[in-house]
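Notes follow once the structure below has been shown.
The first residue of the sequence shown is numbered 1, and numbering continues consecutively from there. Only this structure's heavy atoms are used, side chains among them; waters, hydrogens and symmetry mates stay out.
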Amino acid sequence: MPSATSSPKNAENAEKSAEKYEGFSAEERAAMKEHAREQKKTAARRGASRAEKAAAAEQDVLAKIAEMPEADRILAERIHDIVKTAAPDLEPKLWYGMPAYARDGKVVCHFQSAEKFKSRYATLGFSDLAALDEGAMWATSYALKELTAADEQFISALVKKAVN
């Protein structure tokens, strides 16, 4: 008697379910793997001083920014400078392979390059820890294609508001 898994009907159903799979994209799976590597790297630094850990985490962020395509790298460098100036108490760290800025280890805001998820624009996102509440609805993510001086001032004000 043939096994249930080898019947033509089961093969057809498996093929159909593979076509319908709506799980994580390849980019999302890569980001999760990157996050696991980040966690291991952080754990390996447990014996270091707080200052050494912070310096190493910032170097990781700067190295990640340096790897980005030029358009994303320029935006990420500016965002990094803006966040460091507007909220010097936020600690740079990698978060799912993206530059992020945290308080007490918890991400407040992050930069996502357009290339990472094959998007037409980069984003600056804020977590629920960011104090951006304004009425019953407010933005927590901003699309970035370039930054003007006015945009930089707006982002600086947003970051300051987010940490207060």
Side-chain angles (χ1 to χ4, degrees), residues 19-45 50 53-164:
E19 290 172 12
K20 292 180 184 179
Y21 177 71
E22 294 181 14
F24 297 110
S25 68
E27 293 83 9
E28 290 167 328
R29 287 191 302 275
M32 287 185 282
K33 287 178 184 177
E34 203 159 6
H35 184 62
R37 284 191 298 272
E38 292 160 7
Q39 296 291 75
K40 288 178 186 176
K41 199 176 210 182
T42 299
R45 294 178 179 150
R50 184 178 179 103
K53 290 178 193 176
E58 184 161 14
Q59 285 306 312
D60 291 345
V61 167
L62 294 173
K64 182 58 70 175
I65 290 171
E67 293 172 3
M68 293 178 185
E70 184 179 11
D72 288 337
R73 186 177 67 250
I74 290 167
L75 290 171
E77 288 170 347
R78 286 303 308 132
I79 294 297
H80 182 76
D81 290 343
I82 292 166
V83 172
K84 293 284 291 173
T85 301
D89 59 318
L90 289 183
E91 302 163 344
K93 67 182 276 179
L94 288 177
W95 185 63
Y96 292 94
M98 298 177 285
Y101 304 88
R103 177 184 287 156
D104 299 325
K106 296 179 180 162
V107 172
V108 174
C109 63
H110 70 279
F111 175 84
Q112 180 178 305
S113 74
E115 188 262 342
K116 183 147 185 93
F117 292 103
K118 305 195 183 352
S119 176
R120 63 185 182 95
Y121 50 80
T123 59
L124 173 63
F126 292 88
S127 75
D128 62 330
L129 298 176
L132 298 176
D133 308 38
E134 193 170 299
M137 183 172 79
W138 57 92
T140 60
S141 183
Y142 296 84
L144 306 170
K145 290 202 64 102
E146 62 182 58
L147 290 175
T148 65
D151 297 331
E152 290 182 11
Q153 288 177 342
F154 177 74
I155 291 168
S156 179
L158 270 176
V159 170
K160 287 176 184 175
K161 183 177 180 183
V163 297
N164 290 325

Do [X] and [Y] come within less than 4.5 Å of each other through their side chains, counting heavy atoms only?
X    : Y    : result
R103 : L129 : no
K161 : S156 : no
K64  : M98  : no
L144 : Y121 : no
E28  : K33  : no
M68  : E77  : no

Candidate pair R73 and E115, rule salt bridge (charged side-chain N to carboxylate O under 4.0 Å, His left out), full reasoning
CA-CA 10 Å; R73 186 177 67 250; E115 188 262 342; over 6 Å; no
Would you name the heavy atoms of [X] and [Y] that are closest together and state the gap between them?
X    : Y    : result
P88  : T85  : CD-O, 3.6 Å
L132 : A139 : CD1-O, 4.1 Å
A87  : V159 : CB-CG1, 3.7 Å
G105 : A102 : C-CB, 3.8 Å
D72  : A122 : OD1-CB, 4.0 Å

Walk me through whether H80 and Y101 qualify under ring pair (Phe, Tyr, Trp, His ring centres under 6.0 Å).
CA-CA 9 Å; H80 182 76; Y101 304 88; 5.7 Å; yes
Once you round to the nearest 0.5 Å, how far does [atom1] of [X] lie from [atom2] of [Y]?
X    : Y    : atom1 : atom2 : result
D128 : K106 : CG    : NZ    : 10.0 Å
I155 : F111 : CD1   : CZ    : 9.5 Å
L147 : Q153 : CG    : CD    : 12.0 Å
Y96  : F117 : OH    : CZ    : 10.0 Å
I79  : E152 : CD1   : CD    : 8.0 Å
L75  : L124 : CG    : CG    : 10.5 Å

D104, CG: over 12 other non-hydrogen atoms inside 6.0 angstrom
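Check fails, neighbour count at 12 or below.
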Salt bridge (Lys or Arg N to Asp or Glu O under 4.0 Å) partner of E58, the single match among K84, K53, K93
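Among the candidates, only K84 passes.
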Give the intermediate values and the outcome of salt bridge (charged side-chain N to carboxylate O under 4.0 Å, His left out) for residues E34 and K116.
CA-CA 12 Å; E34 203 159 6; K116 183 147 185 93; 3.1 Å; yes
Describe, in one word, how the ring planes of F154 and Y142 are oriented to each other, choosing from parallel (under 30°), tilted (30 to 60°) and perpendicular (over 60°).
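Answer is perpendicular, since the angle exceeds 60°.
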